Amino acid sequence: MTKLVETKVQSGICLITLKNPPVNALNYEVRGALEAAVRAANDNPQMRAIVLLGEGRCFSGGADIKEFGKPRIKPFLTDLCNQLEACSKPVIAAIHGVAVGGGTELSLGCHYRIGDESARIGLPEVKLGQIPGAGGAQRLPRVIGFAPALDVILSGDQVSARRAKDLGFFDEIVSNDIAAAALEFALLLVAKGQGPRPTRNIGVDAEAGAQAIAEARAKLAKSSRGLVAPGKCVDAVERALKMPIDEALTEDRKSFDELTTSEQGRAQRHLFFAQRLAEKLQQAPQAGIRFEVKRVGIVGCGTMGRGIAASVASGGFEVVVVENDAERLHAGLSEIQRLALGRKTDTGASVNAALRVTGAQQLSALVDVDVVIEAAFEDMKLKKEIFAALSGICKRDAILATNTSTLDINEIASVTANPSRVVGAHFFSPAHANKLLEIIRGYNSSPEVLAAMGSLAKRINKIPVIVGVCPGFVGNRMLYAYRSQAEFMLEEGALPQDVDGAIGKFGFLMGPFAVGDLSGLDVGYRARKQQTLLNPSPARYSSTIADRIVEMGRLGQKTSKGWYRYEEGSRKPFPDEEVAQVIENVSKEHGIRRRQISEDEIRDRCIYALINEGARILGEGVAQRPSDIDIIWTVGYGFPVGKGGPMFYADQLGLGTVLDALIRLRQAHGDELQPAPLLKRLVEENRQFSDLNT
Ligand code: COA
């Protein structure tokens, strides 16, 4: 077996390297080997200092998440950090790439920290429904102060090397090889006679700490959306003020264990692994050949084209935007610069992307691009003309992607010479900010093309999910089922604020009607008029009221009127009597006697419809696995992350319960809620959705 931790000695400095690819996760075997290596180095009088390094792409991705929720095996990470801190000779963490979670905690146990330019630190535990449980909450405030530490812990975001140095986390940022730099740093410490510098001995500023904690609590009261972990993180940091460190560490450990087995903890861990699976093909092997993307062409400079171009440019790619209308192109290019420059990367650095974007009026400008993302109007004839032209202009192996939310990729691919290079790229509005990207796989899209699109997506800070072709693909098709129930309930007795209120209580940031107003009601209206979206039950049309609202010129926030009314300069929705009147008229015209609809009914009809459509889509093979659907709905549509996505949530409820509810709801409210065949089958076989997550 290869060694998980390697020790080398140079000039009396002991270099200990973590070797657990791909990210040096700190599983129990690594911890055991590290403990032994540190003990040996500390006990050896020949060693004058100890350096901790990571092999491969990073220092460490932290505790092994696969171990969470299982019985814990010693040595614990907390003990290891204490051991490093207690060493009698200086211990230096030398960081390249990421040191996150347990990686950052390990480095905080060390006496000194240096990093190279690629270094990024962070405590992302809150994103897993956790607190930093191995001392991060105690040591980070001591090193960088309470307010910055709370920012790092509550955001869970990575911090760049430069920023971490400014905050006082790093002693030095180096530009040469990290191992050589660490050796130099250690020798200098020894030469200067600088010894251990235990983090626990750093004093805390009680007044500043108390203020930062009060501010963090006030902020959370408005933004934690029912998640438990953020509040527990603040409690943990507060312990740094209130109790001796060893006591605080014991409490942190207890809190960590409680969160690990909580529903939210399990849900958020599920989403971590789901996200990494969603860009992988289930059956075909991952493409071996890497396709390098440098130049990207964007066709169309409307709202979507601009947002996509801004995202792609800020990922570091050269971008050529083609738009035949000169005025539109000119306006678009400056908007793209504004959007791209306004973006921050996940390391907190500002993006300098503007200079790499150029414009052209002819498709011939795309002759040497590696990928084209077409973002023209949602019109099959137009898209086919563009793709036929691109097929003749672009390099034979260029990837041709269409940004569509409804159209059949296979039909578009059919007009090209090489359909294996054609794929869908469904960006979500606003495209520069929304992180979801559905990569639509046509019948002929090659695995290599899908893999290249997946890595392009990650470079531009999107979360890619591979899905198949059907009207609306996965996300919008499910949205249609969910929203149809919401709209039916308006006809039957509810008002938009009733539905949005019940959905908000379930945990969504916004209900379907407030979301509609935000994204613009005319988009769905146009799609309905073109009949491009599926209506699974033509017997009952759900959008009579929605159509009327649009026809009155109420297009949502952009016209200050939609399902709600909005006051000048505000996004706060107010119920509107005019809308209530339209709703009542439609109920009357349809001969429906309005009734009181309970919050439970609203929640059940919307959420069960969502789960049921997800099951239908899975049964048809349009989504590869249930966990992909969970990513789509938590990332793109605001499904509460603490519930893990609709399919994970269904498993928690029990599929038998879901099926029984759908049978009951169908009897009461119509065939749109007819249980999906896959759901019935899984219940018969006593299985759950998670059994299909491979
Ligand atoms: N435990 C277990 N597995 C981990 C892991 C961890 N802490 N961190 C990453 N992995 C696995 C991923 O599941 C993935 O596995 P796969 O290839 O089978 O899909 C692989 O390592 C690579 O991770 P990926 O996220 O694709 O690589 P990246 O270079 O984009 O990002 C990290 C690397 C470390 C930044 C990212 O994986 C991450 O944020 N990890 C979680 C860190 C964390 O929350 N730690 C807290 C635990 S205390």
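Note that ligands are numbered from 1 as they come in the structure, with each ligand's atoms numbered from 1 the same way. Values reported hereafter were calculated over all heavy atoms of this structure, with side chains retained and with hydrogens, waters and symmetry mates removed. Keep in mind it's a predicted model, so treat the numbers as computed, not measured.
- Considering all non-hydrogen atoms of both residues, V91 and C87 come closest at CG2-CB, 3.6 Å.
- Protein heavy atom at the shortest distance from atom 31 (O) of ligand 1 is R57 NH2, 4.5 Å.
- Of all atoms in ligand 1, listed by their number and element, those nearer than 4.0 Å to a heavy atom of G102 are 48 (S).
- Residue contacts with ligand 1 for L277 are absent, since no atom lies close enough (heavy atoms, distance under 4.0 Å).
- Legend: ring-ring contact (aromatic ring centres under 6.0 Å, His included) pairs involving residues 221-256, not counting sequence neighbours, sorted by first then second residue: F68-F256.
- No N or O atom of Q158 sits closer than 3.5 Å to an N or O atom of ligand 1.
- Ligand 1 does not have E67 within reach: every non-hydrogen atom of the residue lies 4.0 Å or more from it.
- Residue, atom and distance of the protein heavy atom nearest to atom 5 (C) of ligand 1 are V23 CG2, 3.9 Å.
- Annotation: V98 places no N or O atom under 3.5 Å from an N or O atom of ligand 1; distance criterion only.
- For the pair R276 and F272, the cation sits on the ring face: its NZ or CZ lies under 6.0 Å from the ring centre, inside 45° of the axis.
- Annotation: E125 places no N or O atom under 3.5 Å from an N or O atom of ligand 1; distance criterion only.
- The shortest side-chain heavy-atom distance between L682 and L692 falls under the 4.5 Å cut-off.
- No part of K458 comes within 4.0 Å of ligand 1, judged by heavy-atom distances.
- For ligand 1, none of its N or O atoms has an N or O atom of G101 under 3.5 Å away.
- Contacts of E172 classified as side-chain contact (heavy atoms from CB on, under 4.5 Å), with partners at least two apart in sequence or in another chain: I114, V174, F185.
- Salt bridge present: E67 and R31 bring a charged side-chain N and a carboxylate O closer than 4.0 Å.
- Of the protein's heavy atoms, none falls inside 4.0 Å of atom 11 (C) of ligand 1.
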